Amino acid sequence: MRFKTLACAALAATTFAAPTSEPKKAKFSWNKTKSLIAFGDSYTFVQGLLGHPNYTYIGDNFSLSFTPQQLFSNRIVQNQTSTASGGPVWTEFITNCGVKPGHTDPRKCEKQLWDFAYAGSNTDEVLTPLHWNHTVSLEKQIEQFEKYGDVALQKILKRKEALVALWIGINDINDLAKLRDKNASFASLYEQVVTSQERLWERVYKLGYRNLLLLNLPPLDRGPSPSVNKTLVSTYNGILASHATAFQKNHTDATVLQFDVNTVLNQVFDDAADHGFTNTTNFCPGYNQPDILTNPEKYGCGKGLDTYLWYNSGHLTSRVHEVFSKVLARWLGEQGR
Ligand SMILES: *[C@@H]1O[C@H](CO)[C@@H](O)[C@H](O)[C@H]1NC(C)=O
Ligand SMILES: *[C@@H]1O[C@H](CO)[C@@H](O)[C@H](O)[C@H]1NC(C)=O
Ligand SMILES: *[C@@H]1O[C@H](CO)[C@@H](O)[C@H](O)[C@H]1NC(C)=O
Ligand SMILES: *[C@@H]1O[C@H](CO)[C@@H](O)[C@H](O)[C@H]1NC(C)=O
Ligand SMILES: *[C@@H]1O[C@H](CO)[C@@H](O)[C@H](O)[C@H]1NC(C)=O
Ligand SMILES: *[C@@H]1O[C@H](CO)[C@@H](O)[C@H](O)[C@H]1NC(C)=O
Ligand SMILES: *[C@@H]1O[C@H](CO)[C@@H](O)[C@H](O)[C@H]1NC(C)=O
Ligand SMILES: *[C@@H]1O[C@H](CO)[C@@H](O)[C@H](O)[C@H]1NC(C)=O
Ligand SMILES: *[C@@H]1O[C@H](CO)[C@@H](O)[C@H](O)[C@H]1NC(C)=O
């Protein structure tokens with residue numbers, strides 16, 4: 001039952017994923033991929049010893065630069081507070097890098113994880129203000145990567161063997177809903193946001209990376225206190241998909257993978273009980289308490305955080321990341337080759 005459901009969801013993702021008609025020399029192979037280089041927001045960020053606590057793997061807006069030595073001395077931290085989900089997130093699950101509690105050297109992983117996502121990040125600072133003065137927008141993450149990250153990684157990895165993943169837009173769409181009048185033309189705002197993203201894909205391509213993974217918006221409309229409805233989410237996702245497809249058409253030597261995490265997660269939400277989730281609407285009020293894992297009853301969260309879809313008002317639990325990561329990893333294995 002569980003398997004069948006997710007197989008269907010994976011199929012939906014495949015259907016959504018880009019061009020099948022044109023003959024292209026797709027070189028992508030997940031099996032041969034040596035590294036995942038990730039950008040984004042709190043759904044994607046992992047904690048590093050040299051990161052801003054609770055926000056990033058390395059650096060922040062006040063200290064964007066790092067040397068190769070610093071990058072390689074850094075470690076992924078896995079503990080109760082090292083992600084925004086109470087445990088490992090999708091980049092860690094699909095690479096199996098940093099999942100174990102403690103510290104992980106990405107260079108020791110079979111698939112190395114280099115995760116430059118910043119919690120609370122928007123696409124850029126044009127339409128929405130930074131959440132904090134230390135925030136690194138996606139645009140700044142790419143700039144940081146051009147100046148420091150790519151330079152360092154060139155010493156140990158080949159660009160063509162990397163998969164570059166971008167998952168962004170969650171804060172953009174939520175912030176725009178709060179900042180703009182309900183009657184605003186959200187579609188044209190989303191168009192601007194995604195156009196900015198496309199310029200960043202171009203910059204990644206110009207560096208020589210040829211494998212891009214884009215994730216669309218999760219079902220934010222099904223959150224505990226949503227700022228956006230299903231229509232807005234699907235409008236945004238439609239715009240993202242059309243830009244991604246156009247980008248693929250104009251870059252035939254690249255592989256642009258569009259993972260429809262929205263469909264996969266909606267399926268998981270619909271069949272929550274099959275996956276062991278019993279609380280689909282709320283989050284555990286004691287989610288960030290030091291003893292939540294050992295004593296969930298104390299906070300009225302009987303069977304623990306793993307039975308919740310939502311970790312807090314804005315984030316999915318680590319267990320949800322694990323569930324969709326299985327679908328994503330299998331799907332990646334079916335792409336290209
Ligand atoms: C991945 O590659 C290895 C060696 O090249 C091979 O043995 C293995 O079967 C491949 N795995 C998949 C899932 O294709
Ligand atoms: C990081 O988040 C945890 C959990 O919410 C909190 O207890 C801790 O104080 C935060 N750390 C910093 C340095 O802000
Ligand atoms: C998790 O690791 C970070 C970074 O080392 C540390 O600041 C934080 O206190 C740790 N949290 C817990 C709950 O151990
Ligand atoms: C981010 O840092 C730059 C300098 O590196 C600074 O000009 C800018 O004002 C900072 N952003 C915020 C919001 O403080
Ligand atoms: C950043 O903002 C905090 C308040 O949120 C403030 O205390 C701090 O001085 C600011 N830092 C800089 C360098 O502007
Ligand atoms: C969704 O939200 C937008 C913006 O507030 C609103 O215009 C639209 O009517 C809503 N759609 C539905 C189906 O509620
Ligand atoms: C939004 O549009 C509706 C229908 O045109 C109108 O009745 C309402 O006053 C508008 N709201 C605002 C805040 O402009
Ligand atoms: C197509 O891709 C090329 C090479 O990256 C780029 O210079 C050009 O601006 C792109 N054209 C469009 C219409 O996006
Ligand atoms: C979901 O969790 C919240 C917070 O712990 C609780 O109030 C609510 O009763 C739970 N709902 C179900 C169906 O278990």
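None of the values given here were measured: they were computed from a predicted structure. Here, residue 1 is the first one in the sequence, and each next residue gets the next number. Just so it is clear, the values below take in all heavy atoms, side chains as well, and ignore hydrogens, waters and symmetry mates.
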Closest heavy-atom pair and its distance - Ala241, Gln258: CA-OE1, 3.4 Å
Tyr148 vs Leu71 side-chain heavy atoms within contact, under 4.5 Å: no
Close side-chain approach of Asp175 to Asn122, heavy-atom, < 4.5 Å: yes
Side-chain donor-acceptor contact under 3.5 Å, Asp115 with Thr91: yes
Centroid-centroid under 6.0 Å between Phe39 and Phe145 rings: yes
His243/Phe247 aromatic ring centres below 6.0 Å: no
Any donor-acceptor N/O pair, Asn266 side chain to Asn262 backbone, under 3.5 Å: yes
Side-chain heavy atoms of Phe269 within contact of Leu309, under 4.5 Å: yes
Minimal non-hydrogen separation, Gly40 against Ser121, with atom names: O-CB, 3.5 Å
Validation row: Tyr308, Val320 side chains within 4.5 angstrom (heavy atoms): no
His134 side chain to Asp60 side chain, donor-acceptor N/O pair below 3.5 angstrom: no
Heavy-atom donor-acceptor pair, Ser82 side chain to Val77 backbone, under 3.5 Å: yes
Interatomic distance, Thr307 atom OG1 to Leu305 atom CG [nearest 0.5 angstrom]: 7.5 Å
Distance-only donor-acceptor check, side chains Asn237 and Thr235, under 3.5 Å: no
Cationic tip of Lys326 above Trp331 ring, under 6.0 Å, 45° of axis: no
Short N-O contact, Arg319 and Glu322, less than 4.0 angstrom: yes
Contacts of type salt bridge (Lys or Arg N to Asp or Glu O under 4.0 Å), residue Asp150, not counting sequence neighbours: Arg159
Tyr55 ring center near Trp132 ring center (under 6.0 Å): yes
Any side-chain donor near an acceptor of the partner, Asp172 and Thr123, under 3.5 Å: yes
Side-chain touch Leu153/Phe72, heavy atoms, less than 4.5 angstrom: yes
Point-to-point distance, once rounded to the nearest 0.5 Å, from SG of Cys97 to CD of Gln78: 11.0 Å
Asp271 and Gln267: CA distance, side-chain angles, deciding distance, side chain to side chain contact (heavy atoms under 4.5 Å, CB included) verdict: CA-CA 6 Å; Asp271 302 332; Gln267 194 77 58; 3.3 Å; yes
Donor-acceptor side-chain pairing of Asn61 and Lys140 below 3.5 angstrom: yes
Exercise: do Ser85 and His321 side chains pair donor with acceptor under 3.5 Å: yes
Non-hydrogen side-chain atoms of Arg222 and Asp270 separated by less than 4.5 Å: yes
Arg203: partners by salt bridge (Lys or Arg N to Asp or Glu O under 4.0 Å), with sequence neighbours left out: Glu146
Reported OG-to-CD distance for the pair Ser137 and Glu143, which is rounded to 0.5 angstrom: 8.5 Å
Nearest heavy atoms of Tyr287 and Ile292, plus distance in Å: O-CG2, 3.5 Å
Smallest separation among heavy atoms of Trp167 and Pro218, with atom names: CZ2-CD, 3.9 Å
Leu200 side, atom CG; Leu166 side, atom CG - distance, nearest 0.5 Å: 7.5 Å
Rounded distance (nearest 0.5 Å) linking atom OG of Ser234 with atom CG of Leu240: 12.5 Å
Check: Asn312/Asn288 side-chain N/O donor and acceptor closer than 3.5 Å: no
Side-chain donor-acceptor contact under 3.5 Å, Gln47 with Thr83: no
Test log, rule side chain to side chain contact (heavy atoms under 4.5 Å, CB included), inputs Val264 and Phe259: CA-CA 9 Å; Val264 172; Phe259 184 65; 3.8 Å; yes
Test item: Trp90 and Leu215 side chains (from C-beta on) under 4.5 Å apart, heavy atoms: yes
Donor-acceptor under 3.5 Å (Gln144 side chain, Leu64 main chain): yes
Note, Asp253 side chain near Arg210 side chain (heavy atom, < 4.5 Å): yes
Exercise: do Glu202 and His251 side chains pair donor with acceptor under 3.5 Å: yes
Derivation and outcome, side chain to side chain contact (heavy atoms under 4.5 Å, CB included), residues Thr280 and Trp310: CA-CA 7 Å; Thr280 59; Trp310 294 96; over 6 Å; no
Reported OH-to-CG distance for the pair Tyr118 and Leu130, which is rounded to 0.5 angstrom: 10.0 Å
